[in-house]
Undergrad: 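My structure is below; once you've seen it, I'll send some questions.
Please read these numbers as outputs of a predicted model, since none were measured by experiment. For ligands, and for the atoms within them, numbers begin at 1 and follow the listed sequence.
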Amino acid sequence: MNAAPKTLRRLSDLDQAGLIPAEKRAVLEQVAARYAIAVTPAMEALIDRGDPNDPIAQQFVPDPAELDVVPQERADPIGDHAHSPVDGIVHRYPDRVLLKLTHVCAVYCRFCFRREMVGPDAEPLTPAQLDAALGYIAAHPDIWEVVLTGGDPLVLSARRLRDVMVRLSTIAHVKVIRVHSRVPIADPARITGELVRALKVEGKATYVVAHANHARELTSAAREACARIIDAGIPMLSQSVLLAGVNDDPQTLAALMRALVECRIKPYYLHHGDLAPGTAHLRTSIERGQELMRVLHGRYSGLCQPTYVLDIPGGHGKSPVGPSYLSRDDEGRTQVEDFNGGLHCYPPEP
Ligand SMILES: *Cc1c(COP(=O)(O)O)cnc(C)c1O
Ligand code: SF4
């Protein structure tokens, strides 16, 4: 009997799996020395080795272009450090905080905005740091929502997650616990009944936000994992990153949004690519993102519309950067554009 397939973590693993051409091996050693690699069996199985632009490979298989850092890129592109009052907490907005329990992920995305922070060697929060982080939340009554992120919180054991959830449930002013994760899609077998039960606590609303960038990621195993979460009474949302060559055309983006909605997952955010080091080859322009949003708005169900957001470099938070349908005519009257591009005065002329 063959051993269960393993997550590919080294260049030699990728080589053996036929995912990197021999002539790139030497230069990829430099990429591997800087950034973590992990391709789960579920994601590996989706890669078409015959397609040099395979959208799954582009997300997870290292590329020599990652060595090209452009001047605007930064190690901390969204300014987490500027808003971290204690280890593990990022408190940028008044009513919600990020709680980063681990820096480990199931897969390492080549475009990751925290790529300088995540990886198998990064230290998890120690028990004392976790106490301090929970103490910070307890001491700030304005914190209505806690977002578990990382790293990926769903790589933790059900027992550890349960422990954190129960401790959060004792903080009266926290009403919502949101879990951001790539696991339901990248490693669906981890979504066991025990793990799902760990996410539900008395008196709090739990939401799970799954990260997916291409419809092909929503395999039957991923769909079943999401259904286990949703059937347990936990609503799911999604976030996607706009990525050149992966999902930056209207059909591909729409197919992703439809696949999510078909799984009862409401598309939440489409992120503009962050200025993480060595990711220029995967970024598009904001104008391109706006064009794509216009197509989605005009041709697809309202359920399929994410909000297109930019995380402003320097720690200023996220802002919607989708197209505007309002303008003014020569006389200064408000005009609103319909989904076919027609312009209408508002209020209409009497
Ligand atoms: C993205 C983010 C959040 C969550 O923002 P929403 O717009 O509520 O999804 C919260 N805190 C920080 C620091 C963030 O970067
Ligand atoms: S799962 Fe999220 S945090 Fe982890 S590497 Fe991918 S984008 Fe980064």
Side-chain angles (χ1 to χ4, degrees), residues 7 9 34-40 42-43 56 58-62 66 76-85 88-120 122 136-137 140 142-156 175-187 190 207-213 217 237-243 246 266-274 276-279 282 306-321:
T7 293
R9 298 184 184 279
R34 291 195 59 170
Y35 302 114
I37 296 170
V39 188
T40 52
M43 292 296 100
I56 311 299
Q58 288 193 71
Q59 293 184 64
F60 304 116
V61 176
E66 291 173 54
D76 181 17
I78 70 169
D80 280 350
H81 290 312
H83 296 277
S84 185
I89 295 278
V90 183
H91 195 179
R92 184 176 357 245
Y93 303 110
D95 75 337
R96 53 211 193 277
V97 291
L98 307 183
L99 172 54
K100 302 196 241 180
L101 299 170
T102 174
H103 293 99
V104 172
C105 297
V107 280
Y108 290 104
C109 311
R110 307 324 299 168
F111 50 86
C112 176
F113 62 127
R114 294 204 181 103
R115 62 189 328 211
E116 303 283 338
M117 279 78 98
V118 298
Y136 179 89
I137 295 168
H140 288 79
D142 287 350
I143 299 174
W144 172 82
E145 181 183 26
V146 175
V147 181
L148 301 185
T149 177
D152 196 317
L154 297 189
V155 302
L156 299 174
K175 306 294 187 193
V176 176
I177 303 170
R178 194 198 314 176
V179 180
H180 279 207
S181 178
R182 193 70 143 135
V183 167
I185 284 152
D187 195 5
R190 279 198 69 80
Y207 286 73
V208 170
V209 182
H211 173 177
N213 301 322
E217 293 167 40
L237 307 169
S238 67
Q239 50 179 345
S240 305
V241 182
L242 182 58
L243 295 168
V246 173
K266 171 70 186 93
Y268 176 53
Y269 279 162
L270 174 65
H271 292 269
H272 188 71
D274 289 309
T279 61
L282 291 169
T307 303
Y308 178 39
V309 291
L310 173 70
D311 218 312
I312 305 167
H316 304 286
K318 292 184 245 310
S319 283
V321 292

Undergrad: Answer yes or no: does an N/O atom from R92 fall short of 3.5 Å to an N/O atom of ligand 1?
TA: yes
Undergrad: Examine the proximity of ligand 2 to R114 and report which part, side chain or backbone, both or neither, has a heavy atom under 4.0 Å away.
TA: neither
Undergrad: Do H91 and Y136 have their ring centres less than 6.0 Å from each other?
TA: yes
Undergrad: Look at atom 2 (C) of ligand 1 and say which protein heavy atom is nearest, naming residue and atom and giving the distance to 0.1 Å.
TA: K318 NZ, 2.7 Å
Undergrad: Is the shortest distance from a heavy atom of R178 to ligand 1 less than 4.0 Å?
TA: yes
Undergrad: I need the nearest protein heavy-atom contact for atom 3 (C) of ligand 1: residue, atom name and distance, please.
TA: Y93 CE1, 3.7 Å
Undergrad: Please report the closest heavy-atom contact between P277 and R115, naming both atoms and the distance.
TA: O-NH1, 2.8 Å
Undergrad: Checking a contact table here: which protein heavy atom is nearest atom 6 (P) of ligand 1, and how many Å away?
TA: Y268 OH, 3.4 Å
Undergrad: What protein heavy atom is closest to atom 6 (Fe) of ligand 2, reported as residue, atom name and distance in Å?
TA: C109 SG, 2.4 Å
Undergrad: Using atom types as modelled and distance alone, determine if a side-chain donor or acceptor of S84 lies under 3.5 Å from a backbone N or O of I89.
TA: yes
Undergrad: Counting only N and O atoms by type, is there a donor-acceptor contact under 3.5 Å from the side chain of R96 to the main-chain atoms of V147?
TA: no
Undergrad: Before you tell me yes or no, could you show the steps for V246 and F111 under side chain to side chain contact (heavy atoms under 4.5 Å, CB included), namely the whole-Å CA-CA distance, both residues' side-chain angles and the distance that decides it to 0.1 Å?
TA: CA-CA 11 Å; V246 173; F111 50 86; over 6 Å; no
Undergrad: Flag C112 as yes if one of its N/O/S atoms falls below 2.8 Å of atom 4 (Fe) of ligand 2, otherwise no.
TA: no
Undergrad: Which heavy atom of the protein is the closest neighbour of atom 11 (N) of ligand 1, given with residue, atom name and distance?
TA: L98 CD2, 3.5 Å
Undergrad: Would V90 count as a contact of ligand 1 if the rule is a heavy atom under 4.0 Å away?
TA: yes
Undergrad: In plain terms, say whether R92 and D80 are close enough for a salt bridge, that is, a side-chain N and a carboxylate O under 4.0 Å apart.
TA: yes
Undergrad: Suppose we only count N/O/S atoms under 2.8 Å; would C105 qualify as near atom 6 (Fe) of ligand 2?
TA: no
Undergrad: Tell me: protein heavy atom nearest atom 8 (O) of ligand 1, and distance?
TA: R96 NE, 2.6 Å
Undergrad: May I ask you to decide if W144's main-chain N or O and D95's side chain share a donor-acceptor pair within less than 3.5 Å?
TA: no
Undergrad: Considering non-hydrogen atoms of the protein only, which is the closest contact for atom 7 (O) of ligand 1, and what is the distance?
TA: Y269 OH, 2.5 Å
Undergrad: Determine, using heavy atoms of V241 and all atoms of ligand 2, whether some pair is separated by less than 4.0 Å.
TA: no
